[in-house]
Amino acid sequence: MIIYNLCKNLFNENEINLQESLSDYFCNELLDKLYFLPKKIDKNIIKTKINDSKYIDKVKNTISYYKNKNIEKMIYDKIEKFESDTSYKIKNGKIYVIIGLDTTTIYSIKYKDEDVSILLLESTNGLEDKLDILLAHEFTHYVRGQIFKRDIFENSIGERFIVEGIGCNYSKEIVPGKCDFEYCIVDEDIFRWVKDNIDKIEIYMSGKISSNELMSDYFYMYSDTNKTGMPVRTGYVYGYLKVGEYLKKHNLKVKDIISIDWEKILTEK
């Protein structure tokens, strides 16, 4: 695993000049390729965000916590812990650590023909538990990608349900005691809606589970909620619940199912 800390210089800045420093930081061309373009972030929101006191407080909390720590080593050590726990080792992996505009948490993209992960550090708000939750989730993606050697994110919604469900449940194993919605990285009302509307969700996907036709409807932050009647990121919660049911039914841990094909988990009666 290779870790690139792209926000290192911000940790050395005087907080009084943080807004100016952030404005300069977001002019980085690499951020365009890793963040603004793939996540469809309009750069016009930069000015709004750096004048948003809640956002600035979040960045300050993040910088305050990590400025005297070796974040690269922190991430390496956590990945090693996951490898020891599951007996799966990541052969190749790259994580780019950035400060973003509080638009998401962690995601995977293709960059220079490689699968890489982008971690938005401000999403942790300076809380290490949140970092553990994000890294544990992403770790399972790397493992399944190595095992199945296919695009586990876009192959089909059925596969994506299980990919994200395994990630969310592994976060729960690594950081127990949180609320369910925190592992799915959604608001509590979204988690509750999905749990209460499983039948509607399954009717909507009927006959399409093996295709990727509905990928944006279930997983993308910019999905058309008026069209679907479902909140954004419904697929994360649905996957979390289905994988959780399978683990409980068979008295298993995530490490026991991380190499199981999605169909066996999702279509079991």
Side-chain angles (χ1 to χ4, degrees), residues 38-40 103-110 115 133 137-138 140-173 179-269:
K39 299 307 288 183
K40 300 185 169 108
T103 52
T104 184
T105 55
I106 193 168
Y107 56 91
S108 298
I109 62 168
K110 285 281 187 185
D115 290 316
I133 285 173
H137 185 118
E138 201 71 6
T140 66
H141 291 347
Y142 276 107
V143 173
R144 285 185 69 85
Q146 287 177 181
I147 291 169
F148 294 106
K149 295 180 173 59
R150 62 186 181 226
D151 190 340
I152 59 173
F153 301 108
E154 296 293 335
N155 184 50
S156 70
I157 58 167
E159 178 154 35
R160 185 72 180 272
F161 286 137
I162 300 309
V163 164
E164 303 299 353
I166 283 175
C168 294
N169 275 277
Y170 192 53
S171 293
K172 184 177 183 179
E173 290 182 7
C179 296
D180 289 319
F181 66 89
E182 295 180 80
Y183 301 119
C184 302
I185 316 175
V186 298
D187 292 336
E188 186 174 6
D189 58 339
I190 292 177
F191 184 90
R192 190 181 304 112
W193 187 94
V194 175
K195 192 172 182 180
D196 291 343
N197 290 275
I198 294 291
D199 289 346
K200 291 181 183 178
I201 292 167
E202 293 180 340
I203 289 171
Y204 185 73
M205 74 173 77
S206 179
K208 298 179 180 178
I209 197 170
S210 295
S211 79
N212 63 5
E213 179 183 340
L214 303 177
M215 195 67 71
S216 63
D217 294 348
Y218 282 102
F219 295 99
Y220 292 0
M221 283 296 294
Y222 51 84
S223 61
D224 187 345
T225 57
N226 290 325
K227 180 190 84 172
T228 66
M230 300 185 298
V232 296
R233 293 174 67 89
T234 286
Y236 288 83
V237 181
Y238 180 78
Y240 171 77
L241 294 171
K242 299 304 286 187
V243 170
E245 288 174 5
Y246 188 90
L247 292 171
K248 184 175 181 180
K249 179 178 179 181
H250 297 281
N251 193 28
L252 298 173
K253 304 278 279 184
V254 165
K255 66 181 180 181
D256 303 314
I257 69 165
I258 202 168
S259 62
I260 296 179
D261 198 86
W262 70 268
E263 291 180 280
K264 181 173 182 181
I265 299 172
L266 193 56
T267 62
E268 183 180 72
K269 301 299 183 182

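Atoms considered below: every heavy atom in the structure, side chains included; atoms not considered: hydrogens, waters and symmetry mates.
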Can you see which heavy atom on [X] is nearest to which on [Y], and at what distance?
{"X": "Cys184", "Y": "Arg233", "answer": "O-NH2, 3.4 Å"}
{"X": "Thr140", "Y": "Gly167", "answer": "OG1-CA, 3.2 Å"}
{"X": "Ile209", "Y": "Trp262", "answer": "O-CH2, 4.0 Å"}
{"X": "Gly229", "Y": "Trp193", "answer": "O-CZ2, 3.3 Å"}
{"X": "Phe153", "Y": "Met215", "answer": "O-CE, 3.2 Å"}
{"X": "Leu266", "Y": "Tyr238", "answer": "CD1-CE2, 4.1 Å"}

Approximate separation, where rounding is to 0.5 Å, of [X] [atom1] and [Y] [atom2]:
{"X": "Glu263", "Y": "Ser156", "atom1": "CD", "atom2": "OG", "answer": "7.5 Å"}
{"X": "Glu182", "Y": "Ser171", "atom1": "CD", "atom2": "OG", "answer": "11.0 Å"}
{"X": "Tyr246", "Y": "Leu252", "atom1": "OH", "atom2": "CG", "answer": "6.5 Å"}
{"X": "Cys168", "Y": "Asp180", "atom1": "SG", "atom2": "CG", "answer": "10.0 Å"}
{"X": "Ile257", "Y": "Ile260", "atom1": "CD1", "atom2": "CD1", "answer": "6.0 Å"}

Stepwise, does the salt bridge (charged side-chain N to carboxylate O under 4.0 Å, His left out) test hold for Arg150 with Glu159?
-> CA-CA 11 Å; Arg150 62 186 181 226; Glu159 178 154 35; 3.0 Å; yes

Looking at side-chain heavy atoms only, is the closest gap between Ile133 and Tyr183 below 4.5 Å?
-> yes

How far apart are the C-alpha atoms of Asn169 and Tyr240, what are their side-chain angles, what is the distance that settles it, and do they pass the side chain to side chain contact (heavy atoms under 4.5 Å, CB included) test?
-> CA-CA 6 Å; Asn169 275 277; Tyr240 171 77; 3.5 Å; yes

Look at the aromatic rings of Tyr236 and Phe219 and report parallel, tilted or perpendicular, splitting at 30° and 60°.
-> perpendicular

Give me the ring orientation class for His137 and His141: parallel if the planes are under 30° apart, tilted from 30 to 60°, perpendicular past 60°.
->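 Ring orientation of His137 relative to His141: perpendicular.
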
Could you point out which residue of Thr234, Asp217, Thr228, Asn197 forms a side-chain hydrogen bond (donor to acceptor under 3.5 Å, both in side chains) with Tyr204?
->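 Among Thr234, Asp217, Thr228, Asn197, the one that satisfies the side-chain hydrogen bond (donor to acceptor under 3.5 Å, both in side chains) with Tyr204 is Asp217.
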
Would you indicate whether Asn251, at its atom CG, is surrounded by more than 12 heavy atoms from other residues, nucleotides or ligands within a distance under 6.0 Å?
->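 For Asn251, atom CG is not crowded (no more than 12 foreign heavy atoms under 6.0 Å).
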
Ionic contact status for Lys249 with Glu245, cut-off 4.0 Å | no

Between Asp115 and Arg144, does at least one N-O distance fall below 4.0 Å, as a salt bridge requires?
->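 No, this pair does not count.
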
Under the 3.5 angstrom rule, does the side chain of [X] hit a backbone N or O of [Y] as a donor-acceptor pair?
{"X": "Asn212", "Y": "Asn155", "value": "no"}
{"X": "Asp151", "Y": "Glu154", "value": "yes"}
{"X": "Glu164", "Y": "Gly235", "value": "no"}

Examine Lys242 relative to Phe161 and say whether NZ or CZ is less than 6.0 Å from the centre of the six-membered ring and inside a 45° cone about the ring axis.
-> no

